[in-house]
Structure formats: structure tokens, C-alpha cells
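Contents: one structure, followed by commentary.
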Amino acid sequence: MIDVVRGDITQQDVDAIVNAANSSLMGGGGVDGAIHAAAGPALLQACKDVRRRLYPDGLPTGAAIATTGGDLPARFVIHTVGPKYWEYADGGRELLAAAHRNSLAETQRVGASSVAFPAISCGVYGWNPREAAPIAIEAVRTALADFPDVQRVSFVLINDDAFDAFTRAIESAD
Ligand code: APR
């Protein structure tokens, strides 16, 4: 089941929330900053461990990795790096889809059955949510067949523009 929710992703009562991170995994602004602030220092520590053990050169664009959720209601944070719109002729649409698909793969791997996505790449990374939403929803709908334990996916949007874009996209996808 896929739904669209207006709200703050750090307050969602789900097993896992997806973080629109940067490749350093050292935190930042936007939803990354909000998640680290709400999760507390354990999240940054877990990200430093991931960098040391798995991604010494940083998390590649489109990849995803799960860590503890720290003090969040969610047990896990799944960090992914969306494409920077200006770096690709088409904005990096395949990488945007991959970020969603790989986040669902991580959701399944850690045994989480519910997951919330923000509007990945729709802030600092320059994507227009009206362009990103159909790609995000199509990527999730297609990938869910491969991840049977993931029962519920929510797109959680904190602003009107993104909420309207994702609501429109999910209605036209049905
Ligand atoms: N809950 C839900 N959505 C949020 C929240 C929140 N608490 N805070 C921000 N957002 C929304 C933004 O309004 C935007 O629609 O998340 C979307 C993604 O925007 P960014 O957080 O800027 O992420 P992105 O565009 O992927 O850029 C990633 O920004 O914060 C830095 O460290 C991050 O360098 C990375 C870059």
C-alpha cells in the first residue's frame, strides 16, 4: 500500500524513515538535518561506522544503507543520496528511481514492514517535485513486487508544493 501524508517525517510512526542524505553521511540541512537532530548523536556515530566499514569514499548517488534510528520513533533510518538535478542532462532520473528501489531493498533487508520517504532531491538538489513525484511513485510501485515484506510505503511531505505534486502523481498512477 502506498500513501501520501502531509507532515514531518521525523514524527512518523513507521519502522523506517528514508533520509535524503549527501554522500558524506555526516548530516546537513533540510530533511537530513531534521532527522539527525531528532535521532540524536547515535545516528551520526552509526554513519561514521558505515563510512569506515562500507563506504570509505562516501555513499554513491542512488545507493542506500540502513542504520539505527537512534531516538526517533522509527527503528531504522535508511540513508540514500538523490541526484543533483544540474549534474545530469535529464536530472538523473534513473538514479532517482534507483535511490527509491535501493531504499526499499534496505527496508526489506532489515526486516522493516513500513517505510516513509521524503521528497528525495526536491530541495537543495534542485528537482521540481512535479517532475520527481511520478518517477518516485513508479519506482516504488514497480520495486514493491520484489520486496514482499514491505507492506506500507508513505511519502511524507512537509510543504504544499511537494504534497500537491505527490498527491497528483499517485492519483494519476492508479
Ligand atoms: N519532513 C519531511 N520532509 C522534509 C523535512 C521533514 N522534517 N524537512 C525538509 N523536508 C523536505 C524538503 O522540503 C524537500 O521537499 O524534504 C525534501 C528534500 O529536500 P532536502 O532535505 O533539501 O534534500 P535534497 O534535495 O535531497 O538535498 C540533499 O540537502 O540537507 C542536505 O545533507 C543534505 O546535502 C544533502 C542535500
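Atoms within a ligand are numbered from 1 in the order they appear, just like the ligands themselves. Just so it is clear, the values below take in all heavy atoms, side chains as well, and ignore hydrogens, waters and symmetry mates.
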Side-chain donor/acceptor of [X] to backbone N/O of [Y], under 3.5 Å:
X      : Y      : value
Asn19  : Ile35  : no
Trp127 : Gly91  : yes
Ser154 : Val156 : no

Within the 4.0 Å heavy-atom shell around [X], which atoms of ligand 1 are there?
X      : answer
Ser121 : 24 (P), 25 (O), 26 (O)
Asn22  : 32 (O), 33 (C), 34 (O), 35 (C)
Ala119 : 15 (O), 17 (C), 18 (C)
Ala20  : 23 (O), 26 (O), 28 (C), 33 (C)
Asp32  : 30 (O), 32 (O), 33 (C)
Ala34  : 7 (N)
Asn159 : 13 (O), 15 (O)

Checklist entry - Hey, does Arg152 have a side-chain heavy atom less than 4.5 Å from the side chain of Asp3? => result yes

Item to check | All side chain to side chain donor-acceptor pair (under 3.5 Å) counterparts of Tyr125, not counting sequence neighbours | outcome: none

Item to check | Nitrogen or oxygen of Ala162 less than 3.5 angstrom from that of ligand 1 | outcome: no

Checklist entry - For Thr10 and ligand 1, does the shortest N/O to N/O distance drop below 3.5 Å? => result no

Next on the checklist: Under a plain distance cut-off of 3.5 Å, with no hydrogens placed, do Asp15 and Ser113 share a side-chain donor-acceptor pair?
Outcome noted: yes

Checklist entry - Just checking, any donor-acceptor pair under 3.5 angstrom between side chains of Glu171 and Thr167? => result no

Item to check | Heavy-atom nearest neighbour in the protein, as seen from atom 6 (C) of ligand 1, with distance rounded to 0.1 Å | outcome: Ile158 CD1, 3.5 Å

Item to check | Shortest protein heavy-atom distance from atom 7 (N) of ligand 1, along with the residue and atom involved | outcome: Asp8 OD1, 3.0 Å

Checklist entry - Would Gly82 count as a contact of ligand 1 if the rule is a heavy atom under 4.0 Å away? => result no

Item to check | side-chain hydrogen bond (donor to acceptor under 3.5 Å, both in side chains): pairs with one or both residues in residues 92-103, sequence neighbours excluded | outcome: none

Checklist entry - Considering only heavy atoms, which of Ala116, Gly123, Pro129 lies nearest to atom 19 (O) of ligand 1? => result Gly123

Checklist outcome for this item: If you compare Ala38, Gly33, Gly29 by their heavy atoms, the one closest to atom 31 (C) of ligand 1 turns out to be Gly29

